[in-house]
K.L.:
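Dropping a structure here in structure tokens format, bear with me for questions.
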Amino acid sequence: MAQKVSVDGRQVLQGVFRDIAERKRAEKAVFQEKNFNQAAINSLPGLFYLFDEHGHFLLWNRNFENVSGYSAEELSRMSPLDFFKEPDKSLIAERIQEVFSNGESSAEGNFVSKDQRQTPYFFTGKLFFLEDKPCLLGMGIDISARKQAEEVISQRLAEQSILHQASQSLLSVHLDPETTYATLHQAVAQIMPCEAFNIVLDDKSG
């Protein structure tokens with residue numbers, strides 16, 4: 001700050017000037033680091049989230065907004081449990097508590113978007129201290145493809161089980177053609193279109 005002073009009968013301005021170049025460089029470095037961190041978080045393919053022990057969101061990535069369908073303003077007023085329905089909600093609440101009690105946890109659950117669409121996700125959580133305040137830091141990974149693969153495998157195993165049971169039944173009644181036909185029809189019809197199956201088996205004359 002400069003002030004007027006009298007020097008040899010003349011009014012002059014006297015003040016102290018500071019070199020703020022170092023401060024400006026520090027501010028620029030902080031700004032660049034913040035931008036880099038935000039860019040890195042937004043580049044993550046899954047859902048990134050950071051919230052405190054009261055369930056208040058402190059940070060999230062852009063993908064969280066895209067998947068949930070909520071704006072940043074809306075998310076700032078929501079809690080993690082708002083994205084789940086029972087029984088997933090109770091499970092997620094339990095695992096969140098585990099993070100703050102034991103340091104980490106994980107869970108699977110259906111993430112419910114604003115339009116009520118449900119998508120299976122695998123969620124992780126790890127205890128993180130932000131300015132000495134305990135928080136949960138984690139990610140959510142879409143496991144829809146894995147769930148679909150599991151359903152296909154389960155269906156194939158069920159079909160193999162039916163065929164195995166049918167083969168065992170045929171071995172026990174192979175001396176009776178009529179019984180064999182009825183048993184085969186009942187077992188295999190469970191895994192084949194009825195029309196196609198009937199065309200093949202009903203023509204026993206061939």
Side-chain angles (χ1 to χ4, degrees), residues 1-3 14-150:
M1 175 180 291
Q3 60 181 354
Q14 182 184 53
V16 177
F17 298 92
R18 297 177 181 175
D19 184 357
I20 61 172
E22 187 61 31
R23 192 192 75 186
K24 289 295 184 180
R25 283 194 291 269
E27 290 176 350
K28 183 178 180 180
V30 171
F31 179 77
Q32 290 176 337
E33 181 180 3
K34 182 178 179 180
N35 283 347
F36 175 80
N37 292 339
Q38 190 64 47
I41 289 173
N42 286 332
S43 69
L44 295 173
L47 307 179
F48 173 86
Y49 41 83
L50 175 69
F51 54 86
D52 63 22
E53 59 185 334
H54 303 296
H56 299 146
F57 280 106
L58 305 176
L59 188 64
W60 57 86
N61 63 348
R62 188 171 296 117
N63 200 40
F64 199 111
E65 297 177 16
N66 295 336
V67 173
S68 70
Y70 291 99
S71 66
E73 183 180 354
E74 290 173 315
L75 289 174
S76 66
R77 299 192 300 267
M78 300 176 71
S79 75
L81 297 182
D82 291 336
F83 302 96
F84 301 94
K85 295 181 178 180
E86 294 294 356
D88 291 335
K89 179 177 287 190
S90 296
L91 173 64
I92 297 299
E94 177 185 321
R95 298 302 169 83
I96 289 176
Q97 186 57 46
E98 282 186 10
V99 172
F100 289 104
S101 300
N102 304 329
E104 61 181 329
S105 188
S106 61
E108 290 185 11
N110 287 322
F111 184 87
V112 183
S113 60
K114 188 175 184 178
D115 61 5
Q116 299 304 302
R117 179 170 51 90
Q118 299 188 37
T119 306
Y121 267 80
F122 175 74
F123 300 96
T124 66
K126 192 172 183 64
L127 186 61
F128 176 79
F129 286 90
L130 181 64
E131 298 178 351
D132 296 327
K133 181 168 62 175
C135 300
L136 186 151
L137 175 70
M139 286 191 63
I141 304 298
D142 188 338
I143 56 174
S144 299
R146 196 199 78 188
K147 287 293 186 181
Q148 292 173 359
E150 289 176 349

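Keep in mind the model is a prediction, meaning the values are calculated, not measured.
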K.L.:
Quick check for you: to the nearest 0.5 Å, what is the distance between Ser68 atom OG and Arg117 atom CZ?
P.N.:
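So the gap between those two atoms works out to 10.0 Å.
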K.L.:
To the nearest 0.5 angstrom, please state how far the NE2 atom of His54 sits from the NZ atom of Lys133.
P.N.:
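Nearest 0.5 Å value for the NE2-NZ distance: 7.5 Å.
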K.L.:
Does any non-hydrogen side-chain atom of Val67 lie less than 4.5 Å from one of Ser113?
P.N.:
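The answer is no, as the side chains (C-beta and beyond) never meet within the 4.5 Å cut-off.
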K.L.:
Could you measure the distance from the CD1 atom of Ile41 to the CE atom of Met139? Nearest 0.5 Å is fine.
P.N.:
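Separation between the atoms: 10.5 Å.
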K.L.:
Within this structure, what is the NZ-CG distance for the pair Lys89 and Asp82, rounded to the nearest 0.5 Å?
P.N.:
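Going from NZ on Lys89 over to CG on Asp82, the span is 6.5 Å.
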K.L.:
Taking the inter-plane angle between the rings of Phe123 and Phe111 on a 0 to 90° scale, is it parallel (under 30°), tilted (30 to 60°) or perpendicular (over 60°)?
P.N.:
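Because their plane-to-plane angle lies in the 30° to 60° range, the rings of Phe123 and Phe111 count as tilted.
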K.L.:
Looking at Ser105 and Gly125, would you say the former's side chain and the latter's main chain have a donor-acceptor pair under 3.5 Å?
P.N.:
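Checked: no pair found.
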K.L.:
What distance do Gln97 atom CD and Asn102 atom CG have between them, rounded to the nearest 0.5 Å?
P.N.:
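The CG atom of Asn102 is 9.0 Å from CD of Gln97, to the nearest 0.5 Å.
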K.L.:
Quick one: closest heavy-atom pair of Glu65 and Ala72, and the distance?
P.N.:
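Heavy atoms of Glu65 and Ala72 come nearest at OE2-CB, 3.6 Å.
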K.L.:
Taking everything shown except Glu86 itself, do over 12 heavy atoms lie less than 6.0 Å from its CD?
P.N.:
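Atom CD in Glu86 is crowded, with more than 12 foreign heavy atoms closer than 6.0 Å.
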K.L.:
Of all heavy-atom pairs between Phe122 and Ser106, which one has the smallest distance, and what is that distance?
P.N.:
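What the structure gives for the nearest pair is CZ-CB, 3.7 Å.
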K.L.:
Output yes when a side-chain donor or acceptor of Tyr49 lies under 3.5 Å from a complementary backbone atom of Leu137, and no otherwise.
P.N.:
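Checked: no pair found.
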K.L.:
Are the ring centres of Tyr121 and Phe83 closer than 6.0 Å?
P.N.:
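So the answer is no for these two rings.
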K.L.:
Counting C-beta onward and ignoring hydrogens, is there a side-chain heavy-atom pair between Lys85 and Asn110 closer than 4.5 Å?
P.N.:
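Contact flag for Lys85/Asn110 side chains = no.
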K.L.:
Can you confirm whether Phe100 sits close enough to Leu136 that some side-chain heavy atom of one is under 4.5 Å from a side-chain heavy atom of the other?
P.N.:
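A side-chain contact exists here, since the closest heavy-atom pair is under 4.5 Å.
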K.L.:
Less than 4.5 Å apart, any side-chain heavy atom of Thr119 and any of Ser144?
P.N.:
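In contact.
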K.L.:
Ala107 and Arg95: which non-hydrogen atoms are nearest, and at how many Å?
P.N.:
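Taking every non-hydrogen atom into account, CB-CG, 3.7 Å.
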K.L.:
Do Leu59 and Phe48 pass the side-chain contact (heavy atoms from CB on, under 4.5 Å) test, and can you show the C-alpha distance, the side-chain angles, and the key distance before you say yes or no?
P.N.:
CA-CA 8 Å; Leu59 188 64; Phe48 173 86; 3.9 Å; yes
K.L.:
Just how far is it from atom OG of Ser79 to atom CG of Asp52, taken to the nearest 0.5 Å?
P.N.:
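These two atoms lie 11.0 Å from each other.
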K.L.:
Which pair of non-hydrogen atoms, one from Asn63 and one from Gly46, has the smallest distance, and what is that distance?
P.N.:
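Where Asn63 meets Gly46 most closely, the heavy atoms are ND2-O, 3.2 Å.
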K.L.:
What is the minimum heavy-atom distance between Cys135 and Leu50, and which atoms define it?
P.N.:
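Nearest pair, atom of Cys135 first, then Leu50: CB-CD1, 3.7 Å.
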K.L.:
Locate the shortest heavy-atom distance separating Pro80 from Ile96; write the atom from each residue and the value.
P.N.:
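Scanning both residues completely, I find the closest heavy atoms to be CB-CD1, 4.1 Å.
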